[in-house]
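Remember, it's a predicted structure, so these values are computed and weren't measured experimentally. Every chain is numbered from 1 and lettered A, B, ... according to where its sequence line falls, protein lines coming before strand lines.
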Protein chains: 2
Amino acid sequence: MSKTTILLAEDEPALGQIIKESLETRDFHVLLCPDGEKALETYQSQSPEILVLDVMMPKKDGFTLAKDIRAIDDTIPIIFLTAKSQTQDVVEGFTIGGNDYLKKPFSMEELIVRINNLLHRTKVQKTSDILSIGAFTFDFPKQQLHFENESQQLTHREAHLLFHLIKNKNQVLDRSLILNKLWGNDDFFSARSMDVFISKLRKKLQKDETIQIINVRGYGYKLVN
Amino acid sequence: MSKTTILLAEDEPALGQIIKESLETRDFHVLLCPDGEKALETYQSQSPEILVLDVMMPKKDGFTLAKDIRAIDDTIPIIFLTAKSQTQDVVEGFTIGGNDYLKKPFSMEELIVRINNLLHRTKVQKTSDILSIGAFTFDFPKQQLHFENESQQLTHREAHLLFHLIKNKNQVLDRSLILNKLWGNDDFFSARSMDVFISKLRKKLQKDETIQIINVRGYGYKLVN
DNA sequence: AACCAGTGTTAACGTGTGTTAACCGATTAG
DNA sequence: CTAATCGGTTAACACACGTTAACACTGGTT
């Protein structure tokens with residue numbers, strides 16, 4: 001497994017360097033940015049998995065940066081580093097969803113705990129490639145779908161499609177998004193092909209009646225359980 | 001939706017009471033326990049959704065308690081309250097999985113942020129949108145309307161429209177509001193389309209005569225029961 | 001080279017969903 | 001009272017999606 005990439009935005013070079021090195025000893029890959037604008041660029045080019053942002057920064061402060069990034073990705077975890085003076089209610093307003101904050105000064109242990117907690121939330125299902133849905137267990141790498149003591153082998157396409165459906169369980173999974181991801185385009189034929197696979201998956205999943213793949217006309221599919 | 005239950009184990013009565021009250025103003029249900037043993041009993045009888053444990057407690061300290069509870073449930077989120085003297089590496093060892101910690105003294109905001117963060121992780125999918133109306137049960141995610149032991153599948157549009165009607169049960173649901181929300185506009189054709197769906201819903205709901213969708217001319221619809 | 005099994009794509013036909021149209025009754029303003 | 005408006009209902013329609021089977025491609029086997 002490759003290292004987790006952390007984007008660290010901190011304008012104070014000495015502090016930034018200390019944090020960076022500490023995190024690197026914990027086996028993270030750290031991208032240190034001296035200001036908000038640089039951070040945004042780096043975010044776009046490197047797509048890190050978690051952001052650690054100083055609130056007070058030149059050019060673009062941490063909150064503004066977070067807003068900009070949230071417009072692109074509304075799930076990426078963000079940790080704010082706040083000075084004592086920062087008004088607590090503003091910070092608190094930001095600390096919902098994938099957000100947390102730390103008051104300066106903080107210990108490295110504290111930061112690492114927060115990072116791991118937030119990563120865990122998004123990663124817990126992400127890294128473990130054995131997913132469960134209803135009464136099924138789905139081993140993605142092996143492309144096997146287990147039900148009680150039976151087990152059926154899925155094809156590559158079936159497995160990938162199911163994988164994304166489970167990842168977006170109970171939410172609508174956008175048709176064109178998945179078409180682009182798995183087929184590389186979203187033209188008529190690929191769409192038809194996808195329909196066929198949805199049909200196949202439904203058949204393979206029908207042993208557990210509590211789970212269903214529901215179509216949302218014009219948008220996509222929703223796997224519910 | 002019922003309140004989230006928090007088990008709070010804190011041996012210092014004054015502090016315990018303050019935390020309890022603060023959390024209650026945030027609409028949590030708080031079970032305050034003065035020591036580790038009481039906490040374990042309360043955990044078993046009340047099955048709370050999250051634990052906030054003081055580390056230093058009489059009879060059974062927070063870590064030991066956490067170990068005991070983890071043997072029963074290895075996913076329930078736990079937040080430790082630690083004094084400054086507590087050796088940080090021990091704490092850190094515990095802060096994996098569903099765990100976090102706060103150093104005393106801490107602000108209520110900090111605690112609430114941690115609680116919400118950890119709850120979010122387990123709860124995001126848990127809050128089920130199963131509504132009931134008259135003799136019907138409406139499973140919004142599955143788009144199913146249950147009546148006694150029958151069950152009919154609704155379409156996406158039907159489900160959303162019914163969802164908003166139930167949410168505004170016994171109040172007038174504004175036409176243009178719902179048109180904008182579901183159709184994206186409130187022009188003539190969308191309005192006509194909506195009428196058709198109201199008609200369909202009326203038909204599907206007519207098994208229970210006590211509930212009706214009443215039109216309020218010029219304003220909208222009201223679902224009554 | 002011929003064969004085969006497995007996988008994904010295309011085709012053909014059928015079904016479901018949402019929109020539009022048509023026609024109607026009810027309500028209200030003039 | 002009459003006309004205009006709003007909403008109710010049904011049906012026609014277009015098109016998104018479902019299902020099955022035929023087809024084409026791949027890589028492996030004999």
Side-chain angles (χ1 to χ4, degrees), chain A residues 140-145 151-165 172-206 211-224, chain B residues 140 142-145 151-165 172-206 209 211-224:
Chain A
F140 180 47
K142 289 189 182 167
Q143 304 181 188
Q144 285 173 339
L145 191 60
S151 138
Q152 45 191 338
Q153 188 70 35
L154 300 187
T155 71
H156 185 243
R157 275 255 193 280
E158 285 169 349
H160 274 260
L161 184 52
L162 181 57
F163 178 78
H164 285 102
L165 283 167
V172 178
L173 178 59
D174 191 69
R175 269 186 88 86
S176 62
L177 198 128
I178 209 66
L179 280 168
N180 282 315
K181 209 155 193 167
L182 298 195
W183 275 264
N185 66 68
D186 67 342
D187 66 15
F188 174 81
F189 294 109
S190 300
R192 249 65 273 298
S193 192
M194 175 171 161
D195 292 342
V196 175
F197 280 98
I198 288 288
S199 177
K200 286 179 178 168
L201 281 180
R202 280 192 177 122
K203 199 171 281 177
K204 297 201 170 180
L205 289 172
Q206 71 189 0
I211 71 176
Q212 292 182 65
I213 300 175
I214 295 178
N215 170 253
V216 180
R217 189 185 163 92
Y219 293 91
Y221 294 96
K222 186 167 62 164
L223 178 68
V224 298
Chain B
F140 179 48
K142 287 192 182 172
Q143 306 178 185
Q144 286 172 338
L145 192 59
S151 137
Q152 46 191 336
Q153 187 73 34
L154 301 187
T155 72
H156 185 241
R157 275 254 193 280
E158 285 168 350
H160 274 260
L161 184 52
L162 181 56
F163 178 79
H164 284 104
L165 284 167
V172 178
L173 180 59
D174 190 70
R175 270 187 88 86
S176 63
L177 197 127
I178 208 66
L179 280 168
N180 282 315
K181 206 155 194 165
L182 298 194
W183 275 263
N185 65 68
D186 67 341
D187 66 15
F188 173 80
F189 294 110
S190 300
R192 249 62 270 297
S193 195
M194 176 170 159
D195 291 341
V196 175
F197 280 97
I198 289 289
S199 177
K200 285 178 177 167
L201 280 181
R202 281 190 178 123
K203 200 171 280 178
K204 298 200 170 179
L205 290 171
Q206 70 190 359
E209 291 156 6
I211 69 175
Q212 292 181 66
I213 300 174
I214 296 177
N215 171 251
V216 180
R217 190 182 164 91
Y219 293 91
Y221 294 96
K222 187 165 64 165
L223 178 68
V224 297

Q. T155(B) side chain N/O closer than 4.0 Å to the phosphate oxygens (OP1, OP2) of dG18(C)?
A. yes
* Compute whether any side-chain donor of one residue and acceptor of the other, for H160(A) and H164(A), lie under 3.5 angstrom apart. => no
Between CZ of F188(B) and P of dG7(D) the distance, given in whole Å, is 11 Å
Heavy-atom closest pair (S190(B) atom, N185(B) atom, distance to 0.1 Å) is OG-OD1, 2.8 Å
> Does W183(A) put a side-chain nitrogen or oxygen below 4.0 Å from OP1 or OP2 of dG8(C)?
Replying inline: no
To the nearest angstrom, the CE-P distance between M194(A) and dT9(C) comes to 12 Å
Taken to the nearest whole Å, CG/L161(B) to P/dG18(C) is 11 Å
Separation of dT26(D) atom P from H156(A) atom NE2, nearest Å, is 16 Å
L201(B) and L165(B), any side-chain heavy atoms less than 4.5 Å apart
yes
Between E158(B) and the options K200(B), Q152(B), K204(B), the side chain to side chain donor-acceptor pair (under 3.5 Å) test singles out K204(B)
Is S193(B) touching bases, backbone alone, or none of the nucleic acid, heavy atoms closer than 4.0 Å? base
Per-nt protein contacts along nucleotides 13-19 of chain D (heavy atom under 4.0 Å; B base, S backbone sugar-phosphate only, - none) come out as --BSBBB
Whole-Å distance, L201(B) CG to dT10(D) P, equals 14 Å
Rounded to whole Å, CG of L182(A) lies from P of dT7(C) at a distance of 17 Å
When rounded to the nearest 0.5 Å, the distance separating CG of L162(A) from CD1 of I213(A) is 7.0 Å
Show your working on side chain to side chain contact (heavy atoms under 4.5 Å, CB included) between L223(A) and L173(A) and close with a plain yes or no.
-> CA-CA 8 Å; L223(A) 178 68; L173(A) 178 59; over 6 Å; no
Separation of dG7(D) atom P from L173(B) atom CG, nearest Å, is 13 Å
Exactly one candidate in N180(A), L177(A), D174(A) meets side-chain contact (heavy atoms from CB on, under 4.5 Å) with D186(A); the answer is N180(A)
Whole-Å distance, Q153(B) CD to dG18(C) P, equals 11 Å
